[in-house]
Protein chains: 2
Amino acid sequence: MRREATGTETGASADLRNAGGRNIIEIIRMTRAALRKSDRKVADIVLHDPQRILKATVGETATLAQVSQPTVLRFATAIGCKGFRDFKIRLAQSLALGTPATHSVLLGTDEPETVAEKIFDYTMTSLDWARSHLDKAAMLKAIDLLAKARTIEFFGFGASGIVARDAQQKFPLFGVPCGAQLDSHQQIMVASMMKEGDVAFVISNTGTTRSIMEIARIARENGAAVICLTGSDSPLASCCDVALIVETLENTNMYTPTISRIAALVVIDVLSTSVAMRRPVEDQARIHNMKRQLSDMRKDQPT
Amino acid sequence: MRREATGTETGASADLRNAGGRNIIEIIRMTRAALRKSDRKVADIVLHDPQRILKATVGETATLAQVSQPTVLRFATAIGCKGFRDFKIRLAQSLALGTPATHSVLLGTDEPETVAEKIFDYTMTSLDWARSHLDKAAMLKAIDLLAKARTIEFFGFGASGIVARDAQQKFPLFGVPCGAQLDSHQQIMVASMMKEGDVAFVISNTGTTRSIMEIARIARENGAAVICLTGSDSPLASCCDVALIVETLENTNMYTPTISRIAALVVIDVLSTSVAMRRPVEDQARIHNMKRQLSDMRKDQPT
DNA sequence: GACATTTATGTAATTTTATTACCAAACAGG
DNA sequence: CCTGTTTGGTAATAAAATTACATAAATGTC
């Protein structure tokens, strides 16, 4: 009773389904258009109030959607689940990250407690999204470049400057000298001095900042490898050797904090850790030592 | 809402259960000792391979635990679930955040892809943990102080310095001038200049850094309110007006990246957003405007 | 240390829920 | 306007969850 290529399959193609990764709600949203009319009714009530369905039985769901029970079952298989049971498990997992962002928009009347809940939820949901949209190939290329680098320079402004500085602090993991430039004049100077074997790591959420693109260009002209970390497939991405695009759920609500920097920080964690793991075993002790030094430095920095 | 006690209740007291927040696995770990002998068998196989149980029926679970089916049911109610169904839903949600941290420790042999998965998972799990362990009362007091502040100064070293800088960048939300001091000499100078009405926001993950405690002391002597953001109930916490303790799952594995700064950043998000929401309605437009300015600044910073 | 009382666990019956088999309407193409 | 195909419903069936009840183990009391 696999439903892959059998006759029961509707127009909803497998690749569409996979695109959403593990989040069943996303899968439903995407396949919705390709579903049968009645299945769509089920899809709609699930999307409308997933929490309700989580506690519902097949019968209740059928009533809510105004369809028959088997239709609910067919809906479940149509979106790629093994059965209703499996569907509910998957729904529960999708909902664990908090009700989808659209539901958790902050209201002016929210109590601080609610605000905390929502912001945490939103952050976690966004991280989940970022993870499922990571470009693994680009990631691998970036790790390759970083592992071979002689020095690494991080560039960024504003919120991205924070990320750059954080990355720079991870130099013990990267194992080579790292710099972080936040002043645009300094940036130009440093970029001009880079040469083959160096890696310029350019961070810009928007990917449109003029001066940051200039940095990328200069570093590249001098023979340095250029990696960028950006929020969308921007102009900056096209002029780099590797573009790490970290998509985040953006939300125009003024209260919604910028999530992009959190996702970027986690990506940096992944890169630095992977690079550290790439090093030969005989270096491990040395890295361990460095890490401890960093740890000590954080713990107690005497005047 | 979910875990009210029924008559079947065993010695496992309600407060114990609530301590774990929403994560059923944690709840099981904590209540395990207080469970009946047979129930404990069930608890053990759940903890041992939660993924397996997620796909199992009552019967299968009973066989795996070598108990009868009703025992499995009783186990479910004992840990505060409405029934086996409810238990599975909750288990699914707990597992969605990634297999518990202990399972996702990085191995030297992991592929970069796996590393990414694990780090994202770990970050999300930790955030979930941090959320459920937030001290709401302290949070409220901090928001009160920040909302009334005339100026805010953030202090931090190393990784915490990153957090301080990030917080400072949120000044449009706080609505008052904010500073971030990262150099210890500067810190002493600025702290000495603070006076009543000012807020010193001291960030230190360990909470034991000598110089940072000195800062807190100086600022306090001068009449400034002192808020600290720290990772545990440390010496620093006891000498501040408000102590925000953000517990994170710590893990001694060398590859595990420091999660504390991520949690701290999210807490700052919560604080700044709450403060912004606290402002009178007539200020909202002004804040909105400031926020846009900040946004523009991020987008494009001409040389 | 036997007896009463509570607590813990299993067996079997029962109910609820999920799934399947089958049939009828709607629909598209010839 | 037939004919095969797709879609959706009804009713039967299988599977799973839950309850009722009985028995065994443990605990305490005199």
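Not measured: the values here are computed from a predicted model.
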What pair of heavy atoms forms the shortest contact from B/Ala138 to B/Ala243, and how long is it?
-> CB-O, 3.5 Å

Heavy-atom closest pair (A/Leu271 atom, A/Ala142 atom, distance to 0.1 Å) is CD2-CB, 4.1 Å

May I have the step-by-step check of salt bridge (Lys or Arg N to Asp or Glu O under 4.0 Å) for A/Asp39 and A/Arg36, ending in yes or no?
-> CA-CA 5 Å; A/Asp39 286 2; A/Arg36 304 183 192 91; 2.6 Å; yes

Output a table of donor-acceptor pairs, distance under 3.5 Å, between side-chain atoms of residues 63-72 of chain B and any protein atom two or more places apart or on a different chain; print 'none' if there are none.
residue, atom, partner, partner atom, Å
B/Thr63, OG1, B/Gly59, O, 3.0
B/Ser68, OG, B/Thr71, OG1, 3.1

Distances for protein N or O near nucleotides 25-29 of chain C N or O, under 3.5 Å:
none

Measure the CD1-OG distance between A/Ile262 and A/Ser126 for me, rounded to the nearest 0.5 Å.
-> 9.5 Å

Would you say A/Thr71 reaches D/dG9's phosphate, i.e. side-chain N/O to OP1/OP2 under 4.0 Å?
-> yes

Should A/Ser38 be listed as having a side-chain N or O under 4.0 Å from OP1 or OP2 of D/dT7?
-> no

Grab the N/O contacts between the protein and nucleotides 5-7 of chain C below 3.5 Å, and write none if there aren't any.
none

Is a donor on one side and an acceptor on the other found under 3.5 Å between the side chain of A/Lys88 and the backbone of A/Leu54?
-> yes

Can any side-chain N or O of B/Arg40 pair as donor or acceptor with the backbone N or O of B/Leu35 at less than 3.5 Å?
-> yes

Not counting sequence neighbours, which residues clear side-chain hydrogen bond (donor to acceptor under 3.5 Å, both in side chains) with B/Asp144? List them please.
-> B/Arg278

To the nearest Å, give me how far apart CD (A/Glu60) and P (C/dT16) are.
-> 12 Å

Rounded to the nearest Å, what distance is computed from the CZ atom of residue A/Phe75 to the P atom of nucleotide D/dT7?
-> 16 Å

How about B/Phe75 and B/Phe84: are their ring centres within less than 6.0 Å of each other?
-> no

Contact pattern, 5' to 3', of nucleotides 15-22 of chain D - B, S or - by protein heavy atom under 4.0 Å = -SSBB---

List in chain and number order the residues that pass salt bridge (Lys or Arg N to Asp or Glu O under 4.0 Å) with B/Arg32, two or more places apart in sequence or in another chain; answer none if no residue qualifies.
-> B/Asp44

